[in-house]
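Written out below as structure tokens is the structure these notes cover.
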Amino acid sequence: MHPVRHIQFTNELRFERPREEVFDKFLQTDKWFQISYGQERLKSVVNERRVGGQIYEDWGEGTGKLYGTIGWWDPPNGYSTISQMLGGGITLNHRYEFDDDSGATVLRHELSAFGPMSEEMAEGIEDHGSLQSFEAQLHSWIERDEVIPPPEL
């Protein structure tokens, strides 16, 4: 059993687009995240945009991977999700806030992870959980409507 750890960090990214547009385009994760547990089986990424809604990979015929359940939903101000990592009992909490800044938008992301995890698992959460790891993809999609390949993580 791995030691129980708590990881917490905050990211901030600024986009030269209105808040409503950034909020909507951020939820189109298949355009910027582009990493899939299902790989070639992936049919779509579903975002049920409501409190209690789920965000998941749909692999078809009822199969897939649940990313999280929405606990707070207040478009275009923000939303939060809670999820469990694949096995191991690690709970992840994500909070995304979208602040208007003179016609631009500041996206603030807070991540908290708690549970038994190895050093390698903790590093993976920090890499994959950080929006800064996907900054180029986010700016390309949100500001220019261009999809570019994800970074090698």
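From a predicted model like this one, the values you see are computed outputs, not experimental measurements.
- The closest side-chain heavy-atom distance from Gln84 to Leu66 is not below 4.5 Å.
- Counting heavy atoms from C-beta on, the side chains of Leu138 and Phe15 come closer than 4.5 Å.
- Under the 4.5 Å side-chain heavy-atom criterion for ILVMFWY residues, no single connected hydrophobic cluster contains both Trp32 and Val46.
- Note: the hydrophobic cluster containing Val22 also contains Leu27 (ILVMFWY, side chain heavy atoms under 4.5 Å, direct or indirect links).
- Arg50 is not listed as a side-chain neighbour of Ile70, based on a closest heavy-atom distance of 4.5 Å or more.
- The closest donor-acceptor contact from the side chain of Ser140 to the backbone of Glu146 lies under 3.5 Å.
- Residues Ile125 and Ile90 have side chains in contact (heavy-atom distance under 4.5 Å, counting atoms from C-beta outward).
- Looking at heavy atoms from C-beta onward, Phe98 lies out of side-chain contact with Pro76 at the 4.5 angstrom threshold.
- In summary, Glu97 and Arg108 engage in a salt bridge, as defined by a charged side-chain N under 4.0 Å from a carboxylate O.
- Using a 4.5 Å cut-off between side-chain heavy atoms of Ile, Leu, Val, Met, Phe, Trp and Tyr, with links allowed through other members, Val147 and Leu131 fall into the same hydrophobic cluster.
- Between Tyr79 and Phe26, the ring-plane angle classifies as tilted under the 30° and 60° cut-offs.
- A single hydrophobic cluster is seen to contain both Met117 and Met85, as judged by linkage of ILVMFWY side chains at heavy-atom distances under 4.5 Å, directly or through other members.
- The shortest side-chain heavy-atom distance between Lys65 and Trp59 falls under the 4.5 Å cut-off.
- For Gln137 (side chain) and Lys31 (main-chain N/O), no donor-acceptor pair under 3.5 Å exists by modelled atom type.
- Cluster membership for Tyr37 and Phe134, using ILVMFWY side-chain heavy atoms within less than 4.5 angstrom, is shared.
- Donor-acceptor pairing under 3.5 Å is recorded for the side chains of His6 and Ser112.
- Note on Asp24 versus Arg49: salt bridge recorded, some NZ/NE/NH1/NH2 to OD/OE distance being below 4.0 Å.
- Using the six-membered ring where Trp is involved, Tyr96 and His109 have ring planes that are parallel, under 30° apart on the 30 and 60° scheme.
- Residues Asp101 and Arg14 are in side-chain contact: their nearest non-hydrogen atoms beyond the backbone lie under 4.5 Å apart.
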